[in-house]
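Per chain, numbering begins at 1; letters A, B, ... match sequence-line order. Here the structure is a predicted model, which is why all the values come from computation and not from measurement.
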Amino acid sequence: MSYLFTGADWNVSLIDKMWKSVEKSAKKFGWDFYQPQIEIITAEQMIDNYTYTGLPIMYPHWSFGKEFIRTKNSYDRGRSGLAYEMIINTDPAICYLLENNSAATQILVLAHAAIGHASFFKSNYLFKEWTDAKNITAYLQWASDYILECEEKYGVLEVEETLDACHSLQNYAIDPYKRPLPLSEKQIEQRSITAQELIQQSKNLLYDNLLSTQKFNKSIKVREDNILNYIAINSKTLKPYQRVICSIIENIAQYLYPQGLTKVSNEGWAVFCEKHILLDLYDDNLITEGTLLECLALRSGVTYQSSCTQVYPATRHYSRMVRFNPHYRSINPYTLGGSIYSDIERICKNPTDEDREYLPGLIGKDWKEATWDAMVNYKDSDFILQFLSPKIIREFGLVNISPIKMNSKINWAVQMTSDDDDQYCIDSSIDNYKEIKKTLSNQYSRENYVPEMYVIKYKDTIKNKELTLEYNALQGRPLDEILYGRTLGYIEKLWGEHVECVLAPDIEIDDDLS
Amino acid sequence: MSVVIDRTKAPSNRSIDNRRRFIKRHLEFIKQTLKEKISDKKIKGLVGTTEIILPVNDLVEPSFVYSSEFPVNNLIVPTKKDLIPGDIIEVPPQLKGQGKGNSPGENQFEELVINLDKKEFMDLIFEGWELPNRIKLSCIGDDNLKYERAGYSIAGSPSNLNIKQTMVNSIGRRIALQKQYKEKIEELSKIVPNDEKEINYYKSKLNNILYIDEIDLRYNYRELKPQPIAKAVVFFLMDVSASVGAYQRELSHKFFYLLHLFLTSQYDKVDVVFIRHTDTAEEVGIKDFFDATLSGSTCLIPALELTRDIIKDRYPTDQWNIYIVETTDGELLDETSEEVYNFIVNDLFPLCQYFIYTEVVGLGDRYIAEENGLSALHNYLYEINEDHKLAIGNLSDVNEIYPWCKALFDNEGDY
């Protein structure tokens with residue numbers, strides 16, 4: 001068996017050969033994935049792709065121009081590098097490789113993206129339910145053409161303002177509790193026709209008068225999470241083409257919904273796959289030791305995790321001090337996810353007593369089945385809740401910190417920490433590990449970054465004449481006031497009338513910040 | 001079954017349209033920033049790529065987000081396992097303003113920097129500016145003639161042979177001529193037994209049809225046509241006498257520099273004549289115009305006379321649109337305001353399209369100044385002027401240069 005390559009150079013036919021070997025290796029583990037469409041691109045083209053947030057094609061809008069300028073500036077000044085890879089959730093999956101990657105990097109990218117991510121996109125339950133990989137490109141092409149047509153008919157400014165308003169509601173364009181509708185242009189046309197019928201209805205004055213004299217039983221409250229859909233169907237002032245644009249935004253939001261909820265699991269799975277494939281290729285003597293080392297070095301760069309705090313130990317003159325590390329950003333999803341998957345494998349193969357206590361479901365299972373199951377059936381918050389073992393908590397040194405007020409300053413206090421001796425104690429009265437796991441899992445749930453805002457409908461109304469939003473504040477957290485005002489302005493513009501926003505009952509906003 | 005595509009040669013300009021939309025969207029702010037930059041002292045360094053810094057707050061697309069001032073309870077963070085319960089993490093005071101004091105690891109928005117290249121920059125500052133009253137479109141003389149394509153002719157030189165037309169004609173001719181022979185041959189072949197001699201006769205006729213004949217040839221034909229052009233020349237007259245102080249000189253330098261930038265960037269063919277004068281006038285090159293300093297007293301008429309002479313010499317009025325721009329401090333020594341005005345009206349107005357008089361107002365002592373701080377000449381011209389060909393203005397501050405130019409040249413303005 002000869003090596004696939006020995007130097008850093010590569011050409012298109014070598015990429016093809018690399019892919020075939022990687023694919024063969026992946027099949028050995030029983031992994032299923034979308035076939036890739038591998039595209040070699042320049043750095044400028046990669047910057048272009050960044051601004052489309054991983055979509056193959058998008059309608060034109062100034063916000064993408066802003067992102068492009070920002071990304072380009074950052075790249076030009078050397079402040080950020082470019083990702084080595086990018087892959088789109090389509091079937092076949094479009095996998096971008098940078099032209100100035102070395103050969104070892106390309107094979108790493110193929111293993112990471114074209115196997116890892118592509119299998120995640122194909123098999124994870126959220127992606128299967130919410131995204132239509134086969135049709136998304138055609139749909140986006142249609143959407144982009146439609147918007148350009150609208151610009152010609154109704155003017156660039158009006159269409160741009162509609163898009164601005166819809167963008168502000170991007171997080172509220174899906175209903176996370178209902179099954180999504182399949183992507184189909186006909187459906188959109190149909191919805192726009194239904195909307196037109198509603199407009200006709202609403203012009204019936206007699207009907208209006210009749211409604212205004214009836215008394216409603218307002219006790220049955222129903223909530224509608226898809227605010228954009230509610231507006232698109234019930235607004236009296238939106239034109240038909242604007243309603244179609246709203247539904248375009250809804251469909252795109254639907255497509256993007258799983259990506260925010262599965263970052264850790266997705267990247268972790270890709271990191272996990274690439275490790276196994278690399279080692280397998282090395283065992284088969286298809287890649288040299290040098291290539292393997294280069295890949296491992298890259299991996300360790302990608303999975304680097306900085307600490308959140310810096311401790312200055314006590315000296316003769318100063319007492320012990322703890323400060324925040326200014327370089328810390330967040331928990332690296334590659335690191336966390338990769339560690340969890342590797343840990344699952346370890347528990348399946350060599351469980352310790354601690355594992356038997358905390359993760360009994362994994363004992364004795366086949367590691368390939370167990371990791372596949374973890375990838376397919378969980379989103380991030382559940383993934384962490386289910387599979388985060390005490391060992392990983394110790395590895396990462398995870399602690400729980402909270403802000404406290406001290407002498408009119410806000411500092412942070414360490415509340416609980418994991419045991420840092422490796423000995424496992426059964427008898428601790430407060431199970432720190434479980435608390436930390438639960439808290440961390442909550443950090444990855446959607447309410448943590450999307451404030452819970454929904455429309456209140458009253459079940460008895462025949463049609464919905466008013467728009468009332470209710471804010472269910474998580475932990476009493478307030479919203480950013482300025483952005484709130486501007487968003488409400490956009491919503492009122494779409495709705496055409498005044499919009500009320502109330503607090504959910506029994507919720508208090510914590511205003512005491514100073 | 002996999003496909004590997006090399007897209008490196010494909011044009012990477014997907015985002016150019018979006019960038020253009022972004023700039024259009026924030027045009028007002030960008031223009032405002034540009035105006036401020038022009039008023040800056042470093043006007044000469046402006047040409048080249050210009051950086052515009054936009055504050056990000058205006059650019060953020062709004063949506064419902066949690067307030068960043070509210071610190072989150074119970075945050076799980078990774079550490080190096082060196083903390084103990086009860087540790088207090090101090091927030092250093094200087095980080096507080098940046099938002100770090102509230103939650104660790106938050107993103108900091110930077111400003112957005114746009115780089116405008118030279119063309120965009122010029123287009124934005126000089127948007128809508130035009131030299132006014134450009135009505136003289138003349139076309140006399142040999143250098144106004146140009147060859148233009150005018151169809152095909154049947155005779156010409158071999159280098160002008162239009163192959164496509166020739167071939168089209170030859171195909172048509174061949175089809176027409178072949179038809180009769182082909183029909184005959186077909187007819188004869190149907191009769192059995194074949195008359196070999198006849199068939200061969202017609203076949204040879206068929207072969208003898210020329211592939212290209214002389215009547216097929218076509219040549220490109222070009223005609224001489226006169227071109228209507230609008231040529232323009234602008235005379236820059238700058239007063240560099242002793243009474244013009246350093247501050248005023250700087251003002252007039254900047255004024256002319258901006259004008260020069262406008263003319264050279266927006267027009268291909270504008271002549272600029274530089275004349276500097278004290279009590280005598282001389283025509284100089286661009287370097288001397290902007291750099292050198294002289295001393296003497298202020299007299300306008302010599303400069304105006306020189307202008308008139310140059311016009312008569314080199315720029316016949318039937319072919320050129322002529323503009324005259326003058327900056328001075330108005331402190332005339334030997335002349336009176338009437339004399340200047342009469343000269344302008346009698347001698348220069350018939351020749352030129354537009355005369356711009358700009359007074360640079362200085363600080364400190366002025367020899368002849370009226371109550372409103374401007375010179376007698378200025379006030380006289382201002383009162384007596386009825387003709388829309390004479391524009392009168394004054395500059396006392398750097399910030400006024402751009403608005404004054406805009407008022408003069410923006411084709412929406414009154415002047």
Given heavy-atom pairs under 4.5 angstrom as the criterion, report whether the side chain, backbone, both or neither of A:Leu469 touches chain B. side chain
Where does B:Asp17 contact chain A at under 4.5 Å (heavy atoms): side chain, backbone, both or neither? side chain
Does any heavy atom of chain B fall under 4.5 Å from the side chain of A:Val450, the backbone, both, or neither of them? backbone
Could you grab the distance from atom CG of A:Leu398 to atom OG1 of B:Thr79, nearest 0.5 Å is fine? 7.5 Å
side-chain contact (heavy atoms from CB on, under 4.5 Å) between A:Ile69 and B:Phe22, intermediate numbers included: CA-CA 9 Å; A:Ile69 291 175; B:Phe22 175 76; 3.5 Å; yes
Within the supplied structure, the quantity of interest is the number of heavy atoms (other residues, nucleotides, ligands) at a distance under 6.0 Å from A:Ile482 CD1; does it exceed 12? no
Region of A:Glu39 in contact with chain B, defined by heavy-atom distances below 4.5 Å: both
Are the ring centres of A:Tyr172 and B:Phe64 closer than 6.0 Å? yes
Under 4.5 Å, counting heavy-atom pairs only, tell me which of A:Glu99, A:Glu481, A:Glu67 racks up the most with chain B. A:Glu99
Can you list the steps and then say if B:Val77 with A:Ile331 is a side-chain contact (heavy atoms from CB on, under 4.5 Å)? CA-CA 7 Å; B:Val77 291; A:Ile331 299 182; 6.0 Å; no
Could you walk me through whether A:Ile38 and B:Val3 satisfy the side-chain contact (heavy atoms from CB on, under 4.5 Å) test, starting with their C-alpha distance in whole Å, then the side-chain angles of each, then the deciding distance to 0.1 Å, before giving a yes or no? CA-CA 6 Å; A:Ile38 303 173; B:Val3 180; over 6 Å; no
What distance separates B:Arg7 CZ from A:Leu97 CG, expressed to the nearest 0.5 Å? 12.5 Å
Can you give me the closest heavy-atom contact between A:Glu452 and B:Tyr66, atom names plus distance? N-OH, 4.3 Å
How long is the span from the CG atom in A:Leu169 to the OG atom in B:Ser63, to the nearest 0.5 Å? 8.5 Å
B:Pro62 and A:Ser168 have their tightest heavy-atom pair at O-CB, 3.0 Å
In short, B:Arg21 meets A:Leu148 closest at the heavy-atom pair NH2-CD2, 4.2 Å
Scored by heavy-atom pairs under 4.5 Å with chain A, the best of B:Val65, B:Asn18, B:Asp6 is B:Asn18
Rounded to the nearest 0.5 angstrom, the OG1-CD distance for A:Thr487 and B:Glu61 is 10.5 Å
Residues passing the side chain to side chain donor-acceptor pair (under 3.5 Å) test with A:Asp164, sequence neighbours excluded, are A:His61, A:Trp62, B:Arg25
Over all atoms of both residues, closest heavy-atom pair of B:Ile76 and A:Asn400: CD1-CB, 3.9 Å
Can you tell which part of A:Leu336 gets under 4.5 Å to a heavy atom of chain B, answering side chain, backbone, both or neither? neither
Would you mind telling me which of A:Asn332, A:Val311, A:Thr51 has the largest number of heavy-atom pairs within less than 4.5 Å of chain B? A:Val311
To the nearest 0.5 Å, atom CD of A:Gln305 lies from atom NZ of B:Lys80 at 11.5 Å
Non-hydrogen atoms of B:Pro78 and A:Ser306 that approach each other most closely: CG-O, 3.9 Å
Which of the residues A:Tyr471, A:Phe68, A:Tyr96 is involved in the greatest number of heavy-atom pairs with chain B at under 4.5 angstrom? A:Phe68
Chain B: which of A:Ile15, A:Asp480, A:Ile40 shares the most heavy-atom pairs with it under 4.5 Å? A:Ile40
